[in-house]
Enquirer: 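Got a structure here, written out as structure tokens. Questions coming.
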There are 2 protein chains.
Amino acid sequence: MPEKTQPAPLRLATFLPFRLSVLSNAVSQRIAELYDREFGLSIWQWRVMAVTADRPGISATEIGQRTQMDKVAVSRAVAGLIEMGYLERRASTDDARRSNLVLTPAGLGIYELIVPLALAEEAQLVSALSDKEQSELARLMGKLAIAASPERDLW
Amino acid sequence: MPEKTQPAPLRLATFLPFRLSVLSNAVSQRIAELYDREFGLSIWQWRVMAVTADRPGISATEIGQRTQMDKVAVSRAVAGLIEMGYLERRASTDDARRSNLVLTPAGLGIYELIVPLALAEEAQLVSALSDKEQSELARLMGKLAIAASPERDLW
DNA sequence: ATGATATAGTTTCATATGTAACCAATATTG
DNA sequence: CAATATTGGTTACATATGAAACTATATCAT
């Protein structure tokens, strides 16, 4: 008489996609609260500021690539930042569809306020890990990211 | 003459909260597509099924704790699953507010179809890592999770 | 040049999500 | 055993989000 086959066990608590999601949310929420509470910025707006600070004159499309945001999200984040006076849209000379985005002095100002806070938050978070563990984590995440989406190279 | 102080650099691409978020999204999207495409389930519904399979008779509140979903999300996922005929709500004898949730035979059936697919997806994902790397990743994520939300113990 | 196709970005619309208000039942307190 | 507070869960409302349609410009193929 054949045994009844046991279904493979699946404990959510050890299922990587679940754990990743919960961890990511916990981390994001902590820092999102900082951006929002102190500066009225959404995570997406913060991301847009960060890449624009890094690459002044960047286009919305490029922002999307660097931040993994879709173009609608970029468009909205940009609109909000312009509204708040943190971002400026400059016409592109060579391509009239494109706009070149730059932080305003005000935008740069709060960006420079946020950076150390964000880095401090990150530092506090990873302080639970040794330096070696930190770099190992980064390395493993990198491998996983490639496995998860080989097509688009994220970093 | 004092140097102009350089703002601390922040490259989004190496900023842990960002990397985690992108990685988590990439992973989630892959498997979410599987649940949805093959079975018409949202991630939330899948999570509810998973914990209910593990603990038949579980309450909505307990589901929330185990899945890190808020009670509204649980309520909606449960309603959807009942609608689809995958979940059954049983009155609790001792507390009339609470309901005891169990998978229907149909629900159990598709659950048992999904589990191996989900595990296979996970396996494929982590196959980029050695066994040792896998357990190391799990360990590091655990430490990080505690650092990120010491209050609620996630696992 | 001219029509066809692709690209940058925005707007629209439908759906998902979170917060707060709410209802019902239980637990607590005086 | 009232009166009050708490808990389990749902509903309502306001906001966030994503897909698809759309506008404007640029590129490509003839």
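In what follows, every chain begins at residue 1, and chains take the letters A, B, ... in the order their sequences are listed.
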Enquirer: Specify the separation, in whole Å, of atom CG of Leu81(B) and atom P of dT10(D).
Expert: 12 Å
Enquirer: Check for a donor-acceptor pair, side chain of Gln29(B) on one end and backbone N or O of Ala26(B) on the other, with a separation under 3.5 Å.
Expert: no
Enquirer: Any side-chain N or O of Ser75(B) less than 4.0 Å from the OP1 or OP2 oxygen of dT10(D)?
Expert: yes
Enquirer: Using a 4.0 Å heavy-atom cut-off across all strands, classify Ser99(B) as base, sugar-phosphate, or nothing.
Expert: sugar-phosphate
Enquirer: Going by modelled atom types, is there a donor-acceptor pair between the base of dG9(C) and the side chain of Arg76(A) at under 3.5 Å?
Expert: no
Enquirer: dA8(C) phosphate, OP1 or OP2: any side-chain N/O from Arg89(A) under 4.0 angstrom?
Expert: no
Enquirer: For Ala73(A) and for Leu101(B), find the nucleotide of DNA chain D with the closest heavy atom, then tell me which residue's nucleotide is more 5'.
Expert: Leu101(B)
Enquirer: Using 30° and 60° as the class limits, which term best fits the ring planes of Trp46(A) and Phe15(B): parallel, tilted or perpendicular?
Expert: perpendicular
Enquirer: To the nearest Å, how far apart are Trp44(B) CH2 and dT17(D) P?
Expert: 13 Å
Enquirer: What is the distance, to the nearest angstrom, from the CD1 atom on Ile58(B) to the C1' atom on dG9(D)?
Expert: 15 Å
Enquirer: With heavy atoms under 4.0 Å as the rule, sort Ser59(A) into base, sugar-phosphate or nothing.
Expert: sugar-phosphate
Enquirer: As a test of reading the structure: which of dA19(D), dT26(C), dA26(D) is closest to the side chain of Asp95(B), going by heavy atoms?
Expert: dT26(C)
Enquirer: Does a side-chain heavy-atom distance below 4.5 Å link Val78(B) with Leu101(B)?
Expert: yes
Enquirer: Expressed in angstrom and rounded to an integer, what is the separation of Asn100(A) atom CG from dG9(C) atom P?
Expert: 9 Å
Enquirer: Is there a donor in the side chain of Glu62(A) and an acceptor in the side chain of Ser59(A), or the other way round, less than 3.5 Å apart?
Expert: yes
Enquirer: Would you mind reading off the distance between Asn25(A) atom CG and dG18(C) atom C1', rounded to a whole angstrom?
Expert: 13 Å
Enquirer: Measure NZ/Lys71(B) against C1'/dA20(C) and give the value in whole Å, please.
Expert: 10 Å
Enquirer: Let me know, please, whether Val78(A) or Arg97(A) comes out on the 5' side of the other along DNA chain C by nearest nucleotide.
Expert: Arg97(A)
Enquirer: Send over the distance from Ile82(A) CD1 to dG9(C) P, rounded to a whole Å.
Expert: 11 Å
Enquirer: Is there a side-chain contact between Arg66(A) and Ile58(A) (heavy atoms, below 4.5 Å)?
Expert: yes
Enquirer: In this structure, how many angstroms lie between the P atom of dT26(C) and the CZ atom of Arg98(B), rounded?
Expert: 13 Å
